[in-house]
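First the structure, in the form of structure tokens, and then the observations on it.
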Amino acid sequence: MTHLPSAYRPDDQAPHSRRFVAVEGVSGCGKTTLVRHLGAELPAATLHTIPQPLSKLSGWVNGHCLPLPQLAFYLTGLLHASDSIRAYLPRRHVVADRYATSVIANHAAVNGIEVRKVQEMLHPFTPYLVRPGITLYLHTSASELRRRMADKPDLSPSDRHLLDNPQVLTRLVSLYVQFAEDDPNAVGIVTDGMTIAEVADTAWLAVKERAC
């Protein structure tokens with residue numbers, strides 16, 4: 001983290017034996033349910049990378065801001081999440097609902113920007129981020145995601161955008177697959193045709209095996 005001025009570097013993380021698990025995937029794939037399950041099983045602190053009250057602003061930011069301010073907004077949530085994770089780890093395991101992949105993939109897909117260009121913008125900040133010991137990627141087909149979103153009674157503006165723009169949704173699904181393939185700490189789980197309990201059991205087994 002030497003390229004960050006000292007005033008902007010986090011305190012050195014104390015040695016610990018705790019686990020940090022990130023859960024990634026397109027909205028509707030079952031992340032939130034899985035995070036709750038893993039939080040109870042480990043047990044662990046759980047958090048969303050864009051926490052309240054920031055998440056309440058996301059609809060306004062997406063609708064009124066150009067790509068760079070949008071990215072800065074989500075980067076704020078990501079950096080703050082990393083600070084929270086860093087504070088938890090000396091005493092508790094942590095499970096995050098979304099992390100860096102979600103910020104990059106969603107921003108690239110929704111705004112039609114190359115992933116490489118988004119990564120270049122975030123590169124100066126990546127050393128600040130606590131790295132997950134394992135990242136669970138929930139892969140769900142675009143057709144299944146559309147079905148699940150259509151059944152939601154409280155669809156968010158961002159989910160509505162994905163539902164109304166099939167090309168964006170399809171690109172986002174493919175980006176998560178690409179990220180999982182490039183991530184040495186990734187475990188991919190194809191959720192189509194699986195019950196919530198089956199997804200949770202598969203994920204829990206992967207977390208336990210990675211800890212061995």
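The closest donor-acceptor contact from the side chain of Thr46 to the backbone of Gly39 lies at 3.5 Å or more, if one exists at all. The main-chain N or O of Thr195 is found under 3.5 Å from a side-chain atom of Glu198 such that the two form a donor-acceptor pair. Formation of a donor-acceptor pair under 3.5 Å by the His93 side chain with backbone atoms of Arg19 is found in this model. Of the possible polar contacts, none joining the Thr191 side chain to the Met194 backbone as a donor-acceptor pair under 3.5 Å is found. In terms of modelled atom types and a separation under 3.5 Å, the side chain of Arg86 and the main chain of Tyr128 share a donor-acceptor contact. Put simply, the side chain of His64 gets close to the backbone of Trp60: a donor and an acceptor are under 3.5 Å apart. With Thr76 contributing its side chain and Ala72 its backbone, the two residues share a donor-acceptor pair below 3.5 Å. Using a distance-only test at 3.5 Å, with no hydrogens or angles considered, a donor-acceptor pair links the side chain of Asn165 to the main chain of His161. In this structure a side-chain-to-backbone donor-acceptor pair under 3.5 Å is present from Glu24 to Tyr99. In this structure, the side chain of Lys31 does not engage the main chain of Val23 through any donor-acceptor pair within 3.5 Å.
Side-chain atoms of Val173 and Thr140, non-hydrogen and from C-beta on, never get closer than 4.5 Å to each other. By the 4.5 Å heavy-atom criterion applied to side chains, Val94 and Arg18 are not counted as neighbours. At a threshold of 4.5 Å between non-hydrogen side-chain atoms, the residues Leu79 and Phe125 count as touching.
The same ILVMFWY cluster, assembled from side-chain heavy atoms under 4.5 Å apart, contains both Ile113 and Val61. Neither Leu66 nor Val103 shares a network with the other; the hydrophobic side chains, linked directly or stepwise wherever heavy atoms of I, L, V, M, F, W or Y lie under 4.5 Å apart, form separate groups for each. No chain of hydrophobic side-chain contacts below 4.5 Å, direct or via other Ile, Leu, Val, Met, Phe, Trp or Tyr residues, connects Ile196 to Val207. In terms of hydrophobic clustering, with Ile, Leu, Val, Met, Phe, Trp and Tyr side chains grouped at heavy-atom distances under 4.5 Å, Val177 and Leu172 are assigned to different clusters.
When every heavy atom of Leu169 is checked against every heavy atom of Leu162, the shortest pair comes out as CB-O, 3.8 Å. Leu138 and Gly30 make their closest contact through CD1-C, 3.8 Å (heavy atoms, listed as atom of the first residue, atom of the second, distance). Nearest heavy-atom pair across Leu78 and Ala100 is CD1-N, 3.7 Å. Phe20 approaches Val130 most closely through the heavy-atom pair CE2-O, 3.5 Å. Looking at every heavy atom in both residues, Pro124 comes nearest to Pro127 through O-CD, 3.6 Å. Summarising the geometry of Leu34 relative to Ala203, their closest heavy-atom pair is CD1-CB, 3.6 Å, with the distance given to 0.1 Å.
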Side chain to side chain contact (heavy atoms under 4.5 Å, CB included) assessment of Thr101 paired with Tyr176
CA-CA 8 Å; Thr101 293; Tyr176 277 104; 3.7 Å; yes
From CA spacing to verdict: side chain to side chain contact (heavy atoms under 4.5 Å, CB included), Lys117, Met121
CA-CA 6 Å; Lys117 293 182 179 179; Met121 292 298 293; 5.9 Å; no
Evaluate the side chain to side chain contact (heavy atoms under 4.5 Å, CB included) criterion for residues His37 and Thr33: first the C-alpha distance (whole Å), next the side-chain angles of each, then the deciding distance (0.1 Å), finally the verdict.
CA-CA 6 Å; His37 176 83; Thr33 302; 5.8 Å; no
Apply side-chain hydrogen bond (donor to acceptor under 3.5 Å, both in side chains) to the pair Asn185 and Thr135, showing each step before the final yes or no.
CA-CA 6 Å; Asn185 291 322; Thr135 300; over 6 Å; no
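For the atom pair CZ (Phe73) and SG (Cys65), the distance works out to 8.5 Å, reported to the nearest 0.5 Å. Here the straight-line distance linking atom CD of Glu209 with atom CH2 of Trp204 works out to 11.5 Å at 0.5 Å rounding. To the nearest 0.5 Å, the span separating OG on Ser174 from CZ on Phe179 amounts to 10.5 Å. Here Leu122 contributes atom CG and His107 contributes atom NE2; the two are 8.0 Å apart, rounded to the nearest 0.5 Å. One distance of note links CG of Leu47 with OG of Ser84; it measures 6.0 Å at 0.5 Å rounding. For the atom pair CG of Asp201 and CD1 of Ile189, the computed distance is 10.0 Å after rounding to the nearest 0.5 Å.
For the 3.5 Å distance criterion, the side chains of Gln167 and Thr170 fail to qualify, holding no donor opposite an acceptor. Between the side chains of Tyr88 and Asp83, not a single donor N or O lies within less than 3.5 Å of an accepting N or O. Counted by atom type alone, Ser27 and Asp159 present one or more donor-acceptor pairs between their side chains at under 3.5 Å. Between the side chains of Thr49 and Tyr74, no donor N or O sits under 3.5 Å from an acceptor N or O.
Around atom NE2 of His80, no more than 12 heavy atoms belonging to other residues, nucleotides or ligands sit under 6.0 Å away. Counted within 6.0 Å of CG on Leu205, heavy atoms from surrounding residues, nucleotides or ligands total more than 12; the atom is thus considered enclosed.
Between Arg147 and Glu144, at least one side-chain N (NZ, or NE/NH1/NH2) sits under 4.0 Å from a carboxylate O, which counts as a salt bridge.
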